[in-house]
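Computation of the quantities below employed the complete heavy-atom set of this structure, encompassing side-chain atoms and omitting hydrogens, waters and symmetry-equivalent molecules.
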Amino acid sequence: MMNMAVTMQELSPIPPLLSNKKRAVAFTTPLNYAGRLSHLLQLKGWSPLCCPTIVVEPSPQTKASIQFFLSTKAQSNDNKKTPLEDFSAIAFTSRAGILAFSETLMRNEETPLEPYGENFTVSALGKDAELLNEDFLSKLCKKTQRIRVTVPPVATPTGLVESLGVGRGRRVLCPVPLVAGLVEPPVVPNFLRDLALRDWVPVKVHAYETRWAGPRCAERVVRRSEGEEGLDAIVFTSTGEVEGLLKSLRELGLDWRLLKERYPGLVVAAHGPVTASGAERLGIRVDVVSSRFHSFDGVVDALALRWSASE
């Protein structure tokens with residue numbers, strides 16, 4: 001059972017702390033998202049320390065995998081239908097999945113969906129859904145009225161499944177990561193299982209790679225512990241980041257317990273319960289979990305709440 005000292009309900013954004021100390025906050029977010037989180041930390045008056053422990057990006061292999069579903073050349077008959085026409089929905093569990101799919105989609109001259117046909121659902125989580133804009137939808141189908149966009153009120157894979165409703169044997173395309181050099185968290189397998197339990201036929205496509213950032217990716221956090229600068233918090237936004245940090249610590253001759261001894265007041269914050277659960281499973285006690293995890297604002301505000309309560 002997770003040991004979560006702080007969970008945050010729907011709160012108004014908390015202003016910067018009135019403190020003489022400029023708190024240092026490390027975060028292990030991939031570079032794709034690091035700018036957004038760093039900006040929010042700076043708005044609180046804190047000093048961000050970017051320490052990516054995983055790399056998230058498309059590869060030639062994943063681009064080809066997506067293209068297969070968007071091209072008429074994938075079909076052996078002459079009806080000029082794309083494989084995507086055999087689906088009723090696309091379910092995006094990550095921003096990286098949308099970006100990778102969109103990059104391939106935008107290169108195509110023809111839209112993969114015909115203007116007329118049954119309603120087609122595209123679903124995404126939280127702020128990720130802002131990427132499902134008119135440009136995206138019009139490249140998917142010339143008649144965008146055919147597309148129904150759903151965003152679950154709770155930004156979790158479970159919420160995504162619920163938002164899609166009962167599948168009735170229909171197919172749903174699931175752009176997910178190809179995990180390399182890390183243990184695949186149970187999030188995607190559980191998501192696919194839950195879809196099947198709702199009578200969907202989930203078909204996964206590897207839309208991008210998630211891989212370890214390498215043996216020295218935790219070096220900035222370790223080096224800081226060797227001086228007198230200190231570190232007040234570390235923010236994890238996915239389970240893969242946690243594993244990546246732990247692997248790097250081992251390569252650098254440390255483990256989590258020794259790092260915590262160097263930073264005795266370190267607060268561990270997780271972006272949502274899924275990340276918190278993954279961190280706890282890997283042996284890291286989580287102090288702060290945001291219940292507003294549709295965007296990074298939630299975990300940053302939850303961290304501010306933790307410190308404001310202790311001052």
Shared hydrophobic cluster for I66 and L178 (ILVMFWY, side-chain gaps under 4.5 Å): no

I98-V149 co-clustered via ILVMFWY side chain contacts under 4.5 Å: yes

Within a reach of under 6.0 Å around [atom1] of [X], are more than 12 heavy atoms found that belong to other residues, nucleotides or ligands?
X    : atom1 : answer
Q61  : CD    : no
R281 : CZ    : yes
R193 : CZ    : yes

Taking all non-hydrogen atoms of both residues, which atom of [X] and which atom of [Y] are closest, and how far apart?
X    : Y    : answer
P157 : L125 : N-CD1, 4.3 Å
K247 : G181 : NZ-O, 2.7 Å
L195 : P202 : CD1-CB, 3.9 Å
P115 : C141 : CA-SG, 3.9 Å
V56  : A96  : CG1-CB, 3.5 Å
A218 : L252 : C-CD1, 4.1 Å

Donor-acceptor under 3.5 Å ([X] side chain, [Y] main chain):
X    : Y    : result
S163 : L160 : yes
K260 : L266 : yes
S290 : G272 : no
K204 : P189 : no
Y263 : S225 : yes
S138 : E134 : yes
E209 : S59  : no
S308 : L305 : yes
W200 : G165 : yes
E85  : E114 : yes

From CA spacing to verdict: side-chain contact (heavy atoms from CB on, under 4.5 Å), R211, I54: CA-CA 6 Å; R211 63 180 185 273; I54 60 174; over 6 Å; no

Mutual orientation of the aromatic rings belonging to F136 and F101 [parallel < 30°, tilted 30-60°, perpendicular > 60°]: tilted

Parallel, tilted or perpendicular: rings of F69 and F87 (30°, 60°): perpendicular

Once rounded to the nearest 0.5 Å, what's the spacing between atom [atom1] of [X] and atom [atom2] of [Y]?
X    : Y    : atom1 : atom2 : result
F120 : I90  : CZ    : CD1   : 4.0 Å
L113 : L84  : CG    : CG    : 4.5 Å
M106 : E109 : CE    : CD    : 14.5 Å
R146 : N119 : CZ    : CG    : 8.0 Å

Can you find a pair of side-chain heavy atoms, one from [X] and one from [Y], that are under 4.5 Å apart?
X    : Y    : answer
T82  : E110 : no
V242 : T28  : no
S38  : F27  : yes
S248 : T53  : no

Passing candidate, side chain to side chain contact (heavy atoms under 4.5 Å, CB included) with H271, options V288, V289, T237: T237

NZ/NE/NH1/NH2 to OD/OE distance under 4.0 Å, E118 and R148: no

Sole candidate of K22, R224, R23 that passes salt bridge (charged side-chain N to carboxylate O under 4.0 Å, His left out) when paired with D232: R23

